[in-house]
There are 2 protein chains.
Amino acid sequence: MLLQIIRSVSQVPWPVGCAKLSTSPIFYKPQVAEEVAKLLQLKAQLNGGEESQNANQKFTLKTPKGTRDYSPEQMAIRSSVLDKIISVFKRHGAVTIDTPIFELKEVLTGKYGEDSKLIYDLKDQGGEILSLRYDLTVPFARFLAMNKISNIKRYHIAKVYRRDNPSISRGRYREFYQCDFDIAGVYDEMIPDAECVRVVYEILSTLNLGSFVIKLNHRKLLDGMFEACGVPAESFRSICSAVDKLDKSPWEEVRKEMVDEKGLSGEVADKIGEYVRLNGKIELVEKLLQDEHLIKSKSAVEGLEAMKTVLKYCEIYGTSDMISFDLSLARGLDYYTGIIYEAVLLGESGKGDDVAVGSVAGGGRYDNLVGMFDPKNKQVPCVGVSIGVERIFAVLESKLSANKSKLRTTEVQVYVASAQKNLFEQRMLLCKELWDQGFKVEHSYKKNPKLLAQLQYCEEQLIPLVIILGESEIQKGVVKLRNVNNREEVEVARNELGIELHKRLENYKANEAL
Amino acid sequence: MLLQIIRSVSQVPWPVGCAKLSTSPIFYKPQVAEEVAKLLQLKAQLNGGEESQNANQKFTLKTPKGTRDYSPEQMAIRSSVLDKIISVFKRHGAVTIDTPIFELKEVLTGKYGEDSKLIYDLKDQGGEILSLRYDLTVPFARFLAMNKISNIKRYHIAKVYRRDNPSISRGRYREFYQCDFDIAGVYDEMIPDAECVRVVYEILSTLNLGSFVIKLNHRKLLDGMFEACGVPAESFRSICSAVDKLDKSPWEEVRKEMVDEKGLSGEVADKIGEYVRLNGKIELVEKLLQDEHLIKSKSAVEGLEAMKTVLKYCEIYGTSDMISFDLSLARGLDYYTGIIYEAVLLGESGKGDDVAVGSVAGGGRYDNLVGMFDPKNKQVPCVGVSIGVERIFAVLESKLSANKSKLRTTEVQVYVASAQKNLFEQRMLLCKELWDQGFKVEHSYKKNPKLLAQLQYCEEQLIPLVIILGESEIQKGVVKLRNVNNREEVEVARNELGIELHKRLENYKANEAL
């Protein structure tokens, strides 16, 4: 049995406007660096003997295709986003686990359908045949089955690998982060499912990404709808993948695919078209429960009853304002067995129409995956969500770049400078005292740096406070304390310095923008 | 040119006592799970048709050789350790970066000497030839050269890969964490070097691992010492690797290797023996600066002068009590060009002799590595340290296991329970209110759980507070608040609940043991 378990939110096109990133000075430019390296290499070859001493540099200096380094600025954005996401996961009582970056190839075999060709294999160097993980869900299922765990609520944030043809300019990479939260265990219907939706709601609210909608649907309702429309059972899957395209293509195109490629009659396709145009709230469930065609399907009724339950729970959990019951939401259906959901960011409000900028989270219930790993086929029902952190990083990078915000990549609170020569040991001593008190402190690694250079460094690095040491102050037992922002200076007694620094740093936050 | 750049602290034997881990209930047992899986597989084969329905489970359920999953308990220890280490790095103003898990194979070629055979290669699936990273230092040097960065202070915590023959029982793995802090840039002598030593000092102090010593030595002094003793220049490297064994082997064995295998005369070996037995503080530097043989070597004098400087700076930075200038410290000398250091945990004090339990950090100056990647051979001098986090994790796991400490793997503050049936919507509503206020809250995913089961869960999970909902309390507008530890219950007005919870949780810490 092949499964499509790709949570498609994790690999998404770069949003419009992010192309700007490559011209922003705060981001490294691997492509440029790569080109420069190539040119320098050619030059070295032309120069022959002169450069050939450096026998080690015979190749282009680059990261592998489809991968990149993360600069300090990118890491600052990433940490800030992940910290906020993790605090939501912890608010809901999740533990975290980690699994190896590679698995026995057999573990991944037969789980990803035709996308299996995108799996990275390790070279056979004797011993086991290994592959890099393709997502975090299959390793999670393997972990549950192997350790006989029948209930757990865990998050896992880690890199996964896909030998896709990357289009870096569109933000698609071969190495990228996934960020999953899953609840495994036998529980009462829709209670953990509604909590996953609440987790998505809290994360998107706390990240301040603008307005969003969480679309919900149910696999059983989709199956029942196809049944009611007269789709042959063996075509459910392919018709479903056609429906899945409705977020990118107009109905006319999808209809064409159903009729011309997938052999549906126009009449059946049009019936589907009636349904997939529907979206709403609980009143739509009530309306569909009156639909004479739909209620002939047991599966559809079960799906609708489940939707009713989950929508009620979403009401209690305070998420229903953001929720849309949407019959066009299909996702990777081979994999999901119950509720499915997907969160979509809407454009900035106030700029006219809400324009969808894409999916940033998605998931659903998958009750049959763990059993595939259990020798006795013991099932562990699961429901989970994958946060599309790469897209969220990209949206924030783009936002910061557009604002021309300068990002702090360190948390240094105080810089210790000296105004004259030969005070470096005094500087070191003061740093030591401040480190002992837990302050984040830097000073110049040069013995006799120029005062102006030291002050400029603080302004560039957005360090809020500078202590300036001078001979006369040292003799008086005081230091000069300078506010970098407004350049105001005051004298502070050395023995009151700690208290004064604490007072001034109390409400300081390294990056207001994040 | 081959370099030995293995920071040996990252792969260390499991400390004595850690074998106990595998019998501790808080840790998963992959070996046991693996054996069980094998037996079940055999059973399935014997049963033939009956089990063969489950066509997906044809293989042993395990992680690849030399790797492991990290359980929630292990992750809790890891997070706690890494958070403390990162806060020290941040106190010193470091940024962080990340690099891909694999590099072009050429980047790694010629950097690891005979250990190159331990590099994991990826299968050639068309395109570039790739290898998994072996450490974080070579990718850092590649990053600096590629992005033309001439100064940076960064930390990097990530997994590295070595196809070693793992002896899991001794805690050696093929996939393990490295945790590096490096300062790159042209600065005045020994100022960043002394700060790296200070960073090690702060980390080991804050982790509360018992007493430790940081051994210092200098590459130039070692070279000068060999020169002064009459070792032929071409043998410096092999004699150095013999000296490196002095932390494990007695002098007699090392001498034997020098004479029998490496062709030194007994007289020369004995001269070396005199020196490598020496360790002390600044007075030893002064003494050696009077040594008539040593001071004939320019290299030795330079090394000694540098040691004098760094020991003075260590005095200022308050680390000198923990420092030992140790002439037997050799480390991977092909790689280092200046100061080298290594931190060693001493046994528990008060238990008689201080017994060394092993190296937990090490590093030094390497001024020539970045230039190997630069087309013009432009050097970027670097000094850094690698914290042996895997060994630190193991020491803490062992300690917790010995104490029989139960570790919290979540941070749940409040559990919402119900005393009667049909209150699950009331529970959900209260959870929602508490999540809105930022509390970390869980409740049962079952509609009608038994009260006793709910209270037991809280005791097992060490959740400090439970709110118990009952019909009569709901009608009165109050809740019952129970302290899980002493089982005391009080009634609290629903509208004062937030304040009361804040008050009770003010000084609560999830894991006192960490």
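When the candidates A:N151, A:T409, A:T96, A:T319 are compared by the number of heavy-atom contacts under 4.5 Å with chain B, A:T96 comes out ahead. Taking chain B as the reference chain and counting heavy-atom pairs below 4.5 Å, the highest number among A:A76, A:S131, A:P100, A:S87 is found for A:P100. Ranking A:Q461, A:R154, A:Q413, A:H443 against chain B, the residue ahead of the rest is A:H443, based on heavy-atom pairs under 4.5 Å. Between chain A and the residues B:T99, B:V412, B:I101, the most heavy-atom pairs under 4.5 angstrom are made by B:I101.
You'll find the side chain of A:K153 stays beyond 4.5 Å of the side chain of B:T410, heavy atoms only. Considering only heavy atoms from C-beta on, B:L132 comes within 4.5 Å of A:L122 through its side chain. Between B:M75 and A:V95, every side-chain heavy-atom pair lies at or beyond the 4.5 Å cut-off. B:L104 has its side chain within reach of A:K62: a pair of non-hydrogen atoms, C-beta onward, lies under 4.5 Å apart.
For A:D436, the parts sitting under 4.5 Å from any heavy atom of chain B are the backbone and the side chain alike. In this structure, chain A has no heavy atom under 4.5 Å from any part of B:I86. With a 4.5 angstrom heavy-atom cutoff, A:V186 touches chain B only via backbone atoms. Heavy atoms closer than 4.5 Å to chain B are found in the backbone of A:A94, but not in its side chain. Both the backbone and the side chain of A:Q125 come within less than 4.5 Å of a heavy atom of chain B. Interface residue A:R198: only side-chain heavy atoms are found under 4.5 Å from chain B.
The line from CZ of B:R91 to CD of A:E442 is 14.0 Å long, rounded to the nearest 0.5 Å. Between the CD1 atom in A:I191 and the CZ atom in B:F424 there is a gap of 5.5 Å [rounded to 0.5 Å]. A distance of 10.5 Å separates CG of A:L144 from CG of B:L61, quoted to the nearest 0.5 Å. One finds the CZ atom of B:F143 at 11.0 Å from the OG1 atom of A:T63 (value rounded to the nearest 0.5 Å). Between the OG1 atom in A:T67 and the CD atom in B:E128 there is a gap of 8.0 Å [rounded to 0.5 Å].
Legend: residues meeting salt bridge (charged side-chain N to carboxylate O under 4.0 Å, His left out) with B:R78, ordered by chain and number and at least two apart, are B:E390, B:E397. Residues satisfying the salt bridge (charged side-chain N to carboxylate O under 4.0 Å, His left out) test with B:E195, not counting sequence neighbours, are none. Listed by chain and number, the residues in a ring pair (Phe, Tyr, Trp, His ring centres under 6.0 Å) with B:F102 are A:Y120, A:Y161 (sequence neighbours excluded).
Chain A is approached within less than 4.5 Å, heavy atom to heavy atom, by B:M428, B:L429, B:K432 from residues 427-434 of chain B, ordered by number.
Counting only distance, with no hydrogens or angles, the side chain of B:D121 and the backbone of A:K123 share no donor-acceptor pair below 3.5 Å. Of the possible donor and acceptor atoms, none in the side chain of A:E425 sits under 3.5 Å from a partner among the backbone N and O of B:I316.
Each of B:V107, B:L130, B:I129 was scored for a side-chain contact (heavy atoms from CB on, under 4.5 Å) with A:P64, with one residue passing: B:L130.
Between A:W435 and B:H92, the angle of the ring planes lies from 30° to 60°, which puts this pair in the tilted group.
Residues B:M146 and A:D69 approach most closely at CE-OD2, 4.1 Å, considering heavy atoms.
Ion pair A:K90/B:E411 flagged as a salt bridge, since at least one NZ, NE, NH1 or NH2 atom sits closer than 4.0 Å to an Asp/Glu carboxylate oxygen.
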